[in-house]
Every structure is written in C-alpha cells, then in structure tokens.
Amino acid sequence: MTFPTDLKYTKDHEWIRVAGDEAVVGITDFAQRELGDIVFIDINTIGEEVVQDQVFGTIEAVKTVSDLFMPVSATVLSVNEKIDSSPELVNQDPYGEGWLVRVKLNSPADVDGLLSATDYEALVSA
C-alpha cells in the first residue's frame, strides 16, 4: 500500500491534494482494496457546497456500496469524467487517474485538521 506524503487523509479513507484554493479528492489505496472491484460511482453534487464530513456521493463495488465523505468544506467544481466509463481507474490508480472530484475550498485552514501520511498509515496499520 502507498501513502503519498503530499496528500492529507481522513479517518473515512478519503485523500485530498490541495493546490491554492482548489483541491482534488479521492479514496485511498487502503479503501479501494477494502472495497474490491469498483463498478459504479455516483456523484451528483456538482456546483453544491458540501460541508466537511458530509456525504458527496457513493461508490459501488461488487460486494457493497459506501458513502463518500468530503474531507473539508468545499464547493464541488467537477467530477472526474474518466471514472464514469472506467470506474476501475479508482482501483488501478487511486492517487492519480482515479481521483473523484475537484473542489474549491471554503477555508484552506480545514486541511490542517486532517491526517498526515504517517498518521494515516498508523491508523490503517493498527
């Protein structure tokens, strides 16, 4: 499993990569392994403000459906179009091509309260 150090993580297994006042959000390598083969992703919150820890969509695997939780309060700008036709990208490249949404941060300081790669690795290794 990989834990890129340029990301911040949540206890719910989402990651966020911040660039200025925008960010990209996805699920972690650990999460995609736990879910198994991902077959569908439903995100219908484009243009909406989503509060930190609020559900912004769902991810469906062969064996389960899980909610996706927003790591920070933000407005959803776009959804990764590639995952509509190829949801398996989340399994193949969770930190790259398999990202889920691009967001505009309400308060960049929200990111400070998230887990570092080291903290997240300790959480999932426990």
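Since the structure is predicted, the reported quantities are computational estimates derived from the model, not experimental observations. Index from 1, following the sequence.
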So Asn106 and Val72, do their side chains get closer than 4.5 Å, heavy atoms only? no

Would you check if the side chain of Asp12 reaches a backbone N or O of Glu14 as a donor-acceptor pair within less than 3.5 Å? no

Where is the tightest heavy-atom contact between Leu114 and Ile16, given as atom of each residue plus distance? CD1-CG2, 3.6 Å

Can you see which heavy atom on Glu22 is nearest to which on Arg102, and at what distance? OE1-CD, 3.8 Å

Leu100 pairs by side-chain contact (heavy atoms from CB on, under 4.5 Å) with which of Val76, Ile43, Val25, Val24? Ile43

Output the distance between atom CD1 (Ile41) and atom CG (Leu89), rounded to the nearest 0.5 Å. 8.5 Å

Looking at Ser66 and Leu35, what are the two nearest heavy atoms and their distance? OG-CD2, 3.4 Å

What's the separation between atom CG in Asp37 and atom CD in Gln32, rounded to the nearest 0.5 Å? 9.0 Å

When hydrophobic residues are tied together by side-chain contacts of less than 4.5 Å, even through go-betweens, does Val65 share a cluster with Val90? no

Tell me every residue that passes side-chain contact (heavy atoms from CB on, under 4.5 Å) with Asp67, counting only those two or more places apart in sequence or in another chain. Val55, Thr58, Phe69

Checking Thr10 side chain against Pro71 main chain: does a donor-acceptor pair fall under 3.5 Å? no

Trp99, Phe40: one ILVMFWY side-chain cluster at the under-4.5 Å cut-off? no

Side-chain touch His13/Val124, heavy atoms, less than 4.5 angstrom: yes

Quick one, Gln92 and Glu97 - any side-chain contact, counting heavy atoms below 4.5 Å? no

Can you name the closest pair of heavy atoms from Ser73 and Asp110 and give their distance? N-OD2, 3.3 Å

I want to check something: taking the side chain as every heavy atom from C-beta on, are Phe30 and Leu123 in contact at a cut-off of under 4.5 Å? no

State the CG-NZ distance between Asp119 and Lys11, to the nearest 0.5 angstrom. 9.5 Å

Using modelled atom types only, decide if a donor and an acceptor are shared between the side chain of Thr28 and the backbone of Ala31 within a distance under 3.5 Å. yes

Where is the tightest heavy-atom contact between Thr5 and Ala117, given as atom of each residue plus distance? CA-CB, 3.9 Å

What I'd like to find out is whether the side chain of Met70 reaches to under 4.5 Å of the side chain of Val103, using heavy atoms alone. yes

Is the shortest side-chain heavy-atom distance between Ile27 and Ile38 below 4.5 Å? yes

Is Val18 linked to Leu68 within one hydrophobic cluster, defined over Ile, Leu, Val, Met, Phe, Trp and Tyr using a side-chain heavy-atom separation of less than 4.5 Å? yes

Return the set of residues passing side-chain contact (heavy atoms from CB on, under 4.5 Å) with Pro4 (not counting sequence neighbours), or none when no residue passes. Thr2, Asp6, Leu7, Tyr9, Tyr95

Residue pair Met1 / Asp29: nearest heavy atoms and the distance that separates them: CA-OD2, 3.3 Å

Do Asp21 and Lys104 come within less than 4.5 Å of each other through their side chains, counting heavy atoms only? yes

